[in-house]
Amino acid sequence: MRVVKKKVLVDVCGPVDLSGDEGWVAFDAPALVGASLRFVSGEPDGNRYRVRYYRDAEQQLRARIWFGPETEGPPGHSHGGAMAAVLDEVLGLAAWAAGHRVVVGNLNISFRNLLPLEEVVTVESTVISAAGRKVMVHGRICLGETVFAEAECLCITLPGK
Ligand SMILES: CCCCCCCC(=O)SCCNC(=O)CCNC(=O)[C@H](O)C(C)(C)COP(=O)(O)OP(=O)(O)OC[C@H]1O[C@@H](n2cnc3c(N)ncnc32)[C@H](O)[C@@H]1OP(=O)(O)O
């Protein structure tokens, strides 16, 4: 008889410091949009992403995020799709945080530098405009002066919802 051992997922990575900059205020994303945003922010102690949201002094949404080993693409670095998922969530959420009930219609990303795994980086967002149903949000994943990816995100409001 073949015995299949149950695979146990172990937290091998230890704690990660996701604290914000001075003046940032913690932002409760599930309180605003519900608990459905699990793909990026659903496992705060897992090995994919660990993320904490803030608003900065200008009320723009910021995220402190750790790309864990399960986001690997090129050896030792984040998969481009892993960065895209983060930008999709954070920039869409930025529009929600500004009062617009949206989904992302178009996300245009430029990958600028390889992002090393197990690094805590920042996602910055800025709501650029809101006209009719279209909300434009720009953002980037960065660490100090280094930009890993930057994006333009067209969000479309959901009528009647
Ligand atoms: C709950 C918390 C959410 C937090 C953020 C999470 C982010 C996400 O992952 S959302 C999931 C990914 N996104 C999706 O799956 C969206 C799928 N797409 C859709 O549902 C629809 O195409 C939707 C709602 C975007 C637009 O459809 P619809 O409501 O029929 O609008 P539609 O009439 O086609 O377009 C409205 C306007 O937006 C423009 N538009 C729509 N899509 C695009 C696009 N991709 N590119 C450019 N313009 C667009 C249209 O040209 C139109 O402009 P205008 O009024 O000037 O003619």
Side-chain angles (χ1 to χ4, degrees), residues 11 13-68 70-71 78-112 115-131 133-161:
D11 176 9
C13 293
V16 170
D17 180 7
L18 296 172
S19 52
D21 284 0
E22 204 179 318
W24 289 11
V25 175
F27 178 79
D28 186 349
L32 178 65
V33 299
S36 67
L37 291 182
R38 287 174 298 180
F39 184 70
V40 171
S41 45
E43 291 178 7
D45 301 313
N47 288 328
R48 191 168 63 224
Y49 307 102
R50 300 181 193 180
V51 59
R52 201 172 295 165
Y53 287 109
Y54 299 90
R55 279 192 203 259
D56 68 10
E58 282 78 43
Q59 299 300 303
Q60 300 289 353
L61 193 72
R62 295 281 179 265
R64 214 55 122 194
I65 181 157
W66 172 88
F67 284 75
E70 291 177 11
T71 67
S78 169
H79 194 289
M83 287 188 264
V86 165
L87 287 163
D88 178 61
E89 174 163 325
V90 178
L91 302 191
L93 193 55
W96 276 72
H100 309 283
R101 300 171 65 83
V102 300
V103 289
V104 171
N106 179 267
L107 182 60
N108 185 3
I109 300 175
S110 295
F111 298 103
R112 298 297 187 190
L115 195 168
L117 296 180
E118 299 187 47
E119 196 81 72
V120 174
V121 296
T122 300
V123 187
E124 300 175 349
S125 72
T126 307
V127 177
I128 301 292
S129 62
R133 293 180 59 197
K134 298 176 189 173
V135 182
M136 179 59 76
V137 184
H138 288 184
R140 60 187 197 162
I141 302 173
C142 55
L143 177 61
E145 296 297 306
T146 305
V147 176
F148 300 104
E150 52 195 356
E152 299 165 353
C153 180
L154 175 65
C155 301
I156 309 292
T157 57
L158 297 169
K161 295 197 179 168

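In this text the structure is predicted, and so the values were computed from the model without any measurement. Heads up: numbering here begins at 1 and tracks the sequence. Atom set for the values below is all heavy atoms of this structure, side chains included, hydrogens, waters and symmetry mates excluded.
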TODO: Please identify each residue that fulfils side chain to side chain contact (heavy atoms under 4.5 Å, CB included) with Glu22, with sequence neighbours left out.
DONE: none

Task: Minimal non-hydrogen separation, Val102 against Ala95, with atom names - done: CG2-CB, 3.7 Å

TODO: Could I get the full list of side chain to side chain contact (heavy atoms under 4.5 Å, CB included) partners for Ala84, not counting sequence neighbours?
DONE: Ile109

- [ ] Would you mind listing every side-chain hydrogen bond (donor to acceptor under 3.5 Å, both in side chains) that reaches into residues 89-100, with sequence neighbours excluded?
- [x] Ser41-Glu89, Tyr53-Glu89

- [ ] Flag the pair Val104 / Leu91 as yes when at least one side-chain heavy-atom distance between them is below 4.5 Å, and no otherwise.
- [x] no

Open item on the list: For Thr157, is there any backbone N or O sitting under 3.5 Å from a side-chain donor or acceptor partner on Arg101?
Closed with: no

Task: Contact summary for Arg133 and Pro159, nearest pair of heavy atoms - done: NH2-CD, 3.3 Å

TODO: Please name the pair of heavy atoms, one in Val137 and one in Ala94, separated by the smallest distance, quoted to 0.1 Å.
DONE: CG1-CB, 4.0 Å

- [ ] Using the test side chain to side chain donor-acceptor pair (under 3.5 Å), find all partners of Asn108 that sit at least two apart in sequence or belong to another chain.
- [x] none

Task: Any donor-acceptor pair under 3.5 Å from Tyr49 side chain to Ala82 backbone - done: yes

Open item on the list: Applying side chain to side chain donor-acceptor pair (under 3.5 Å), can you list everything that pairs with Arg52, at least two apart in sequence or on another chain?
Closed with: none

Open item on the list: Check this for me: His79, atom NE2, are more than 12 non-hydrogen atoms of other residues, nucleotides or ligands nearer than 6.0 Å?
Closed with: no

- [ ] Return the set of residues passing salt bridge (Lys or Arg N to Asp or Glu O under 4.0 Å) with Arg55 (not counting sequence neighbours), or none when no residue passes.
- [x] none

TODO: Heavy atoms only: give me the nearest Leu93-Ala29 pair and the separation to one decimal.
DONE: CD2-CB, 3.6 Å

TODO: With sequence neighbours left out, write down each residue that passes side chain to side chain donor-acceptor pair (under 3.5 Å) with Thr126, or none if nothing qualifies.
DONE: none

Open item on the list: What's the separation between atom OG1 in Thr122 and atom CG in Leu143, rounded to the nearest 0.5 Å?
Closed with: 7.0 Å

Enumerate, atom names and distances included, each donor-acceptor pair closer than 3.5 Å involving a side-chain atom of residues 145-156, sequence neighbours excluded.
{"unit_1": "Glu150", "atom_1": "OE2", "unit_2": "Arg112", "atom_2": "NE", "d": "2.7"}
{"unit_1": "Glu150", "atom_1": "OE2", "unit_2": "Arg112", "atom_2": "NH2", "d": "2.9"}

Task: Closest non-hydrogen atom pair between Met83 and Ser78, with its separation - done: CG-OG, 3.6 Å

TODO: Can you sort out the partners of Asp28 under side chain to side chain contact (heavy atoms under 4.5 Å, CB included), two or more places apart, ordered by chain and number?
DONE: Pro30, Ala31

Open item on the list: What's the separation between atom CG in Asn47 and atom CG in Asp45, rounded to the nearest 0.5 Å?
Closed with: 9.5 Å

Open item on the list: Do Val51 and Val123 make a side-chain contact, defined as non-hydrogen atoms from C-beta onward lying under 4.5 Å apart?
Closed with: no

Open item on the list: For Tyr54, give me all partners under ring-ring contact (aromatic ring centres under 6.0 Å, His included), at least two apart in sequence or on another chain.
Closed with: Trp24

Open item on the list: Would you compute the distance between atom CZ of Arg48 and atom CZ of Arg38 and round it to the nearest 0.5 angstrom?
Closed with: 10.0 Å

Task: Pairing residues for Asn106 by the side chain to side chain donor-acceptor pair (under 3.5 Å) criterion, not counting sequence neighbours - done: none

Open item on the list: Distance check, rounded to the nearest 0.5 Å: Gln59 atom CD versus Phe27 atom CZ?
Closed with: 10.0 Å

TODO: Could you pull out all residues at least two apart from Glu118 that satisfy side chain to side chain contact (heavy atoms under 4.5 Å, CB included)?
DONE: Cys13, Trp66, Pro69

Task: Non-hydrogen side-chain atoms of Val120 and Asp17 separated by less than 4.5 Å - done: no

